[in-house]
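All values reported here derive from a predicted model rather than from experimental measurement. Just the heavy atoms: all of them, side chains too, but no hydrogens, waters or symmetry mates, feed the values below. Residue numbers start at 1 and run along the sequence shown.
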Amino acid sequence: MKKILMFAVAILSISMSVCAQSVQEPDFEFEPFVANLQDSTLGDPLPCENAYIKAKAGASMYLVGIGKVKSYYYVDGVSSSLVLDKKSCLVINLGGQSPLQTISINKFEILKKKRRFQNGEVGSFTGASVNNDEAAQSFRYKKYGNSSVLIPLSNLESGEYCLSITNSMTNSKSAKVYTFSIK
């Protein structure tokens, strides 16, 4: 009887340690991947692209000096090389930091040869606002492994998106964004 009990405890402890190791997390912080939930492994990394800021003034600003100037983040090209469906999930190692304070998912506006999302605005009478995140999408998340989060894409509509990481030193988005498309 003792042998059977010891055997059962050994099998239980081995299976628990295997289950604990089966969740694969990204090795490095702030590098998002597609999650393969069927086998708990990492899929493709999200493409990292350069973003640059430009400001655009309204016509009234040039004519009479009254109006608004809007700043945008631009990314070259009209689509990401990574196309996902709404059933997909992203996984990112945040090192224990809050996802809502660390990352944002923004929907791009598609232009002829570029994608963009608005970052800030200055008005003659309204003042300045930076990181107003009009393009920011709300997202759900849940803890995944020790220090990562799983972000399902089911609440996002079809389109071009980027995941941007907030620089905690300046509280602004970085000049590198991770892009993906949802079909």
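- Side chains of L156 and I105 form a contact here, defined as non-hydrogen atoms less than 4.5 Å apart.
- In this structure a side-chain-to-backbone donor-acceptor pair under 3.5 Å is missing from N106 to Y161.
- A pairwise comparison of heavy atoms in P152 and N155 identifies O-OD1, 3.8 Å as the closest pair.
- Expressed to the nearest 0.5 Å, how far CD1 of I165 lies from CD1 of I103 amounts to 7.5 Å.
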Apply side-chain contact (heavy atoms from CB on, under 4.5 Å) to residues E29 and S147 and explain how you reach the verdict. CA-CA 9 Å; E29 291 181 359; S147 56; over 6 Å; no
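- Here the side chain of T102 pairs a donor or acceptor atom with the backbone of S98 at under 3.5 angstrom.
- Between L90 and I92, the closest side-chain pair of non-hydrogen atoms is not below 4.5 Å.
- Within the 4.5 Å cutoff, the side chain of K176 has heavy atoms near those of the N50 side chain.
- Between G43 and F33, the shortest heavy-atom distance links the atoms O-CD2, 3.5 Å.
- Separating the CD1 atom in I151 from the OH atom in Y144 is a distance of 13.0 Å, to the nearest 0.5 Å.
- Salt bridge absent: K86 and E157 never bring a charged side-chain N and a carboxylate O closer than 4.0 Å.
- L94 has its side chain out of reach of Y141: every pair of non-hydrogen atoms, C-beta onward, lies at least 4.5 Å apart.
- Linking Ile, Leu, Val, Met, Phe, Trp and Tyr whenever their side-chain heavy atoms come within less than 4.5 Å puts Y72 and Y52 in one cluster.
- For the atom pair OH (Y74) and NZ (K56), the distance works out to 4.0 Å, reported to the nearest 0.5 Å.
- L150 and A35 make their closest contact through CD1-CB, 3.7 Å (heavy atoms, listed as atom of the first residue, atom of the second, distance).
- Take S80 and apply the side-chain hydrogen bond (donor to acceptor under 3.5 Å, both in side chains) test, not counting sequence neighbours, and it matches T179.
- Side-chain contact between Q118 and S71 is absent, with no heavy-atom pair separated by less than 4.5 Å.
- Contact of the K114 side chain with the K54 side chain is registered, since non-hydrogen atoms from C-beta on lie closer than 4.5 Å.
- The NZ atom of K68 lies 6.5 Å from the NZ atom of K70; values are rounded to the nearest 0.5 Å.
- In the hydrophobic cluster analysis, where Ile, Leu, Val, Met, Phe, Trp and Tyr join through side-chain heavy atoms closer than 4.5 angstrom, V83 is grouped apart from L46.
- Using a 4.5 Å heavy-atom cutoff, the side chains of K183 and S158 are not in contact.
- The two residues L42 and Q24 have their closest heavy-atom pair at N-OE1, 3.5 Å.
- Judged by distance alone, the side chain of R115 and the main-chain N or O of D76 form a donor-acceptor pair under 3.5 Å.
- N36 CG to T41 OG1: the interatomic distance, rounded to the nearest 0.5 Å, is 4.0 Å.
- S79 contributes atom OG, which lies 11.0 Å from atom CZ of F108 (distance to the nearest 0.5 angstrom).
- Looking at E160 and S181, their side chains do bring a donor and an acceptor atom within 3.5 Å of each other.
- Defined by atom type and a distance below 3.5 Å, a donor-acceptor pair is present between the side-chain atoms of S104 and S164.
- If you chain together hydrophobic residues whose side chains sit under 4.5 Å apart, V75 and F117 fall into the same group.
- When atom types are taken as modelled, the side chain of E25 and the backbone of N93 share no donor-acceptor pair closer than 3.5 angstrom.
- Residues L111 and Y73 do not share a hydrophobic cluster, defined by chaining ILVMFWY side chains whose heavy atoms lie under 4.5 Å apart.
- Proximity of C89 to L153: side-chain heavy atoms (C-beta onward) are nowhere separated by under 4.5 Å.
- V149 approaches P99 most closely through the heavy-atom pair CG1-CG, 3.6 Å.
- The heavy-atom pair separating Y178 from P32 by the smallest distance is CG-CG, 3.5 Å.
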